[in-house]
Amino acid sequence: MNQVCASCGAAAANDAAFCASCGHAIKRAAASTKGAAAPKKRRWGVPTVFVLGISAMAALYFWLFIADDLRRDDAVPAIASQSDDRAEAQIFFTMTEANIRDKPAMTGSVILGKMPRGSQLTGIVRSDADPSVAWLELSDGNGFVALANLSQVKPPVLVKSLDDQIWAADGALDVWATTLPDSNLLDRVGEGTQLTLVGTTEDNFIEVKLSGDRYGYLNDAQAIIARLGGKPIMSAFNPQTCAFSGEIGAEFAKIGAEQQAKWQALEAKEFADEAARDKAYAAVEGKSKYMKLRRSFEGLSLTGIGQHYESQSLYFNEPPAQVIAVFRAQGFNIGRDGLFPSTDLYAGISATRGESAAYGKTELSCGV
């Protein structure tokens, strides 16, 4: 089939590119699609199945492995808690009367009961958020006890309480873990170390509190008690003459010498008249001279001495009953009223009062 020129309408050969009549370019007709192969369509069937298979495998892998790991991660706190619950129980002993509380806290908790010194407790140590405040959770589930009141060594029986008295060690001291002969050396403290004295044991040890909620024992309790008030001194006392010997006697002699020097100075001084002299004498006469001390006398704390116009006194930090007991133990005959039997002089032990109260709780006074 020939082509037709669109410009002039003349017939042109089928394969002509230009019109032979007018020379105009001839536009080719669209090729027939009859019998031609249709363009191929993409086939999605196989890739889709492949993708679905991969997805299923990924889901299965996630379920078997990843999801399981995630569940394990979520379970870590629970496992840690179970591990804590399975912690080995320990045995402790109460060092003081200890409170049992409904929860591990000093504030906001309820005291369920009390355990006397030496009681055995079994439980698990809990430090919670604050490791400095540890508690023992009792194995029977009946509460918590502060670890500061406990020790893993059973405490000995105390025969005398020292009421947690603070004492600065006056030299190097060994602190033992127990009072037993094969005890381990717990610590060695130097001079000036502050120790809290709990009490004395039957076998002549002193139980002490140490830093870190620890307890230990000092040997030779009686020798230490004799030094608690300060440097130990020895002094004999004669209630019939009011005479003291040793360091105390020497201290009174010093005061007496000072007082004598004052009187001699007054006697040598020139006064305008007798009225002026009497006034000067009155300012010295009858005045007490006090001196503070820090000494230990037979376990008592000697805190001062006083020289009065016609008597002299010793002052102690302990109450009168305790001072009387010590002097009785030294062989002195002291009545229930605290008086020493005497024919010519007064001698007695009583509570301080007035100006002398600043130098101690108890006064041993002797004089006219």
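Atoms considered below: every heavy atom in the structure, side chains included; atoms not considered: hydrogens, waters and symmetry mates. Along the sequence shown, residues carry numbers from 1. Just so it is clear, the structure is predicted and the values come from calculations on it, not from any experiment.
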Checking E363 against S313 for the side chain to side chain donor-acceptor pair (under 3.5 Å) test, could you report, in this order, the C-alpha distance in whole Å, the side-chain angles of both residues, the deciding distance, and whether it holds? CA-CA 6 Å; E363 176 180 14; S313 300; 2.6 Å; yes
Which heavy atom of [X] sits nearest a heavy atom of [Y], and at what distance?
X	Y	value
V145	A98	CG1-CB, 3.9 Å
T94	M115	CG2-CB, 4.1 Å
G118	F93	O-CD2, 3.9 Å
E298	V326	CB-CG1, 3.7 Å
V125	A134	CG1-CB, 4.3 Å
M106	R101	O-NH1, 3.4 Å

Please tabulate, for side-chain N and O atoms in residues 214-222, each donor-acceptor pair with protein atoms closer than 3.5 Å (sequence neighbours left out).
{"from": "R214", "atom 1": "NE", "to": "S211", "atom 2": "O", "distance (Å)": "2.9"}
{"from": "Y217", "atom 1": "OH", "to": "E207", "atom 2": "OE1", "distance (Å)": "2.8"}

Kindly check if the number of other-residue, nucleotide or ligand heavy atoms within 6.0 Å of NZ (K154) is above 12?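 Counting other residues, nucleotides and ligands, NZ of K154 stays at 12 neighbours or fewer.
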* Hey, any chance V159 and F205 share a hydrophobic cluster, counting ILVMFWY side chains that come within less than 4.5 Å of each other, even indirectly? ->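 No; tracing contacts between hydrophobic side chains, which count when under 4.5 Å, never links both residues.
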W176 with I225, same ILVMFWY side-chain cluster at under 4.5 Å | no
Taken in chain and number order and not counting sequence neighbours, the residues that satisfy ring pair (Phe, Tyr, Trp, His ring centres under 6.0 Å) with Y359 are Y290
Sequence neighbours excluded, the answer for ring pair (Phe, Tyr, Trp, His ring centres under 6.0 Å) partners of F244 is F237, F252
request  = Compare all side-chain heavy atoms of V189 with those of V175 and state whether any distance is below 4.5 angstrom.
outcome  = yes
Review item, side-chain donor-acceptor pairs of residues 267-274, under 3.5 Å, at least two apart:
{"from": "D273", "atom 1": "OD1", "to": "A275", "atom 2": "N", "distance (Å)": "3.2"}
{"from": "D273", "atom 1": "OD1", "to": "A276", "atom 2": "N", "distance (Å)": "2.8"}

*asked:* Check this for me, if you would: do E247 and R295 make a salt bridge, where the nitrogen-to-carboxylate-oxygen distance has to be below 4.0 angstrom?
replied: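 Judged by the 4.0 Å cut-off on N to carboxylate O distance, E247 and R295 do form a salt bridge.
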With sequence neighbours left out, the residues meeting side chain to side chain donor-acceptor pair (under 3.5 Å) with E251 are none
Applying side chain to side chain donor-acceptor pair (under 3.5 Å) to T201 and not counting sequence neighbours gives D203
